[in-house]
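Keep in mind that the numbers below use all heavy atoms, side chains included, and drop hydrogens, waters and symmetry copies.
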Amino acid sequence: MNTREKIILASLDLFNERGERNVTTNHIASHLSISPGNLYYHFRNKTDIIYEIFLQYQLLVDHYLQAPEGRPLTVEDQFDYLESVFDGLWSYRFFHRDLEHYLESDERLKADYRKFTQRCIGSVVNIIYGMELSGILRPVSDHLRRSLALNVWLVVTNWMSFLKTAAGEESALIRKDTLKHGIYQVICLEAPYLQPAFYDEVTGLQQNYSPSVLNDLGL
């Protein structure tokens with residue numbers, strides 16, 4: 001691993017652990033036992049580091065959302081998609097804690113994140129269509145399919161914000177397991193479209209992610 005890669009990895013760890021606003025480039029350099037000048041040789045500022053982290057994150061999610069070739073989608077595939085995406089949210093959780101701030105601070109990131117969102121929703125549309133073709137979901141119109149994909153993406157990308165606000169969990173207290181409770185909510189969106197032959201299997205697996213936060217909210 002070269003110095004540039006070490007800076008990116010150390011920054012991601014520190015941002016996740018302490019919060020990005022509490023970490024300076026000097027903190028990162030000290031953590032790596034390198035001089036600030038060495039860090040600035042690779043990155044002009046912290047904004048550039050955040051942008052590079054995002055580029056890695058989007059490549060990861062693009063990889064996660066690739067549909068399998070040469071075979072129909074399965075129920076296991078669906079839960080693998082969701083597990084992988086929520087794993088990505090956890091690994092890059094600092095980014096989603098303060099997303100609007102980052103987008104407002106960097107025009108490159110704002111433009112790229114918009115394209116990333118469009119691409120991800122398109123991938124979710126393809127996955128939903130794949131589940132229709134494999135008989136897991138009943139066929140729906142193109143408009144409804146795209147709306148369902150959008151709703152899925154909204155739940156995925158906003159579940160952490162929900163935990164921080166309505167659920168009252170501080171960022172430092174959000175755990176990987178509570179983050180993955182968002183998977184339960186995603187399945188709720190598709191449940192009305194499940195074919196009877198797959199309903200019990202899908203909803204049975206859904207129970208593994210039942211959010212305890214609902215009890216806390218009196219729901």
>> Please tell me whether Ser30 and His27 have a donor and an acceptor in their side chains that are separated by less than 3.5 angstrom.
In response: no
> Does the side chain of Asn38 come within less than 4.5 Å of Leu32's, by heavy atoms?
Replying inline: no
> Residues in side chain to side chain contact (heavy atoms under 4.5 Å, CB included) with Thr47, at least two apart?
Replying inline: Asn45, Asp106, Arg108
> For atom CZ of Arg4, is the number of surrounding heavy atoms from other residues, nucleotides or ligands below 6.0 Å larger than 12?
Replying inline: yes
> Would you call His42 and Ile49 a side-chain contact if the rule is heavy atoms closer than 4.5 Å?
Replying inline: no
> Nearest 0.5 Å, what's the CG-OG1 distance between Leu194 and Thr203?
Replying inline: 7.5 Å
> Do any pairs count as a ring pair (Phe, Tyr, Trp, His ring centres under 6.0 Å) and have a residue in residues 62-88, sequence neighbours left out, and if so which ones?
Replying inline: none
> Shortest non-hydrogen contact from Val125 to Ala149?
Replying inline: CG2-CB, 3.5 Å
>> Walk me through whether Ile34 and Ile7 qualify under side-chain contact (heavy atoms from CB on, under 4.5 Å).
In response: CA-CA 10 Å; Ile34 63 175; Ile7 291 171; 4.2 Å; yes
> Within the side chain of Thr178, is there an N or O that forms a donor-acceptor pair under 3.5 Å with the backbone of Arg175?
Replying inline: yes
> Given Val140, which of Leu137, Asp142, Leu144 fulfils the side chain to side chain contact (heavy atoms under 4.5 Å, CB included) condition?
Replying inline: Leu144
> If you round to the nearest 0.5 Å, how far is OG of Ser91 from CG of Leu60?
Replying inline: 7.5 Å
> Hey, are the side chains of Ile121 and Val152 touching, using non-hydrogen atoms and a 4.5 Å cut-off?
Replying inline: no
> At their closest point, which heavy atom of Leu148 faces which heavy atom of Tyr193, and how far apart are they?
Replying inline: CD2-CD1, 4.2 Å
> Could you state the interatomic distance from CD (Gln206) to CD (Gln78), rounded to the nearest 0.5 Å?
Replying inline: 9.5 Å
>> I'd like to know whether Asp87 forms a side-chain contact (heavy atoms from CB on, under 4.5 Å) with Lys176, so could you lay out the CA-CA distance, the side-chain angles of the two residues, the decisive distance to 0.1 Å, and finally the verdict.
In response: CA-CA 8 Å; Asp87 280 340; Lys176 191 173 184 178; 3.0 Å; yes
>> Does Glu76 have more than 12 heavy atoms from other residues, nucleotides or ligands lying within 6.0 Å of its CD?
In response: yes
>> Please tell me whether Asn208 and Tyr184 have a donor and an acceptor in their side chains that are separated by less than 3.5 angstrom.
In response: no
>> Side chains of Leu179 and Met160, heavy atoms from C-beta outward: is any pair under 4.5 Å?
In response: yes
> Between the side chains of Tyr57 and His96, is a donor N or O closer than 3.5 angstrom to an acceptor N or O?
Replying inline: yes
> What do you reckon, are the aromatic ring centroids of Phe95 and Tyr92 less than 6.0 Å apart?
Replying inline: no
> Are Pro139 and Gln195 close enough that some pair of their side-chain heavy atoms sits under 4.5 Å apart?
Replying inline: yes
>> Assess whether a salt bridge exists between Glu20 and Arg97, defined as any Lys/Arg side-chain N lying under 4.0 Å from an Asp/Glu carboxylate O.
In response: no
> Do Thr25 and Pro36 have side chains that get closer than 4.5 Å, going by heavy atoms?
Replying inline: no
>> I need the minimum non-hydrogen distance between Leu103 and Lys110, along with the two atoms involved.
In response: O-CB, 3.5 Å
>> Within this structure, what is the CD-CG distance for the pair Glu52 and Leu109, rounded to the nearest 0.5 Å?
In response: 11.5 Å
>> Strictly distance-based, threshold 3.5 Å: is any side-chain N or O of Asp48 a donor or acceptor partner for the main-chain N or O of Phe43?
In response: no
> Could you state the interatomic distance from CG (Asn126) to CE (Met131), rounded to the nearest 0.5 Å?
Replying inline: 11.5 Å
> Of the non-hydrogen atoms in Ala191 and Tyr199, which two are nearest, and what is the gap between them?
Replying inline: O-CE1, 4.0 Å
>> Tell me if the aromatic rings of Tyr51 and Tyr102 count as close, with their centers under 6.0 Å from one another.
In response: no
> Does Asp112 reach the side chain of Leu55, with side-chain heavy atoms less than 4.5 Å apart?
Replying inline: yes
> If you round to the nearest 0.5 Å, how far is OG of Ser210 from CD1 of Ile187?
Replying inline: 13.0 Å
>> Does any part of the side chain of Val61, heavy atoms only, come nearer than 4.5 Å to the side chain of Phe116, both counted from C-beta?
In response: yes
>> Using a 3.5 Å distance criterion without hydrogens, assess whether the side chain of Asn158 forms a donor-acceptor pair with backbone atoms of Ser161.
In response: no
> With a 3.5 Å cut-off and no angle check, do the side chains of Glu83 and Tyr209 form a donor-acceptor pair?
Replying inline: yes
>> Any side-chain to backbone donor/acceptor pair from Gln56 onto Ile53? Under 3.5 Å, distance only.
In response: no
> How does the hydrophobic cluster around Tyr129 look, that is, which other residues are in it when side-chain heavy atoms under 4.5 Å mark a link?
Replying inline: Leu133
>> Which heavy atom of Leu73 sits nearest to which heavy atom of Pro68, and what is that distance?
In response: CD2-CD, 3.5 Å
>> side-chain contact (heavy atoms from CB on, under 4.5 Å) for Arg93 and Ile174? Distances and angles first, verdict last.
In response: CA-CA 10 Å; Arg93 57 193 178 278; Ile174 294 175; over 6 Å; no
> Does one side chain, of Asp77 or Thr74, offer a donor that lies under 3.5 Å from an acceptor on the other?
Replying inline: yes
> Hey, mind stepping through Lys46 and Thr24 against side-chain contact (heavy atoms from CB on, under 4.5 Å) and telling me if it holds?
Replying inline: CA-CA 7 Å; Lys46 194 166 63 167; Thr24 67; 5.6 Å; no
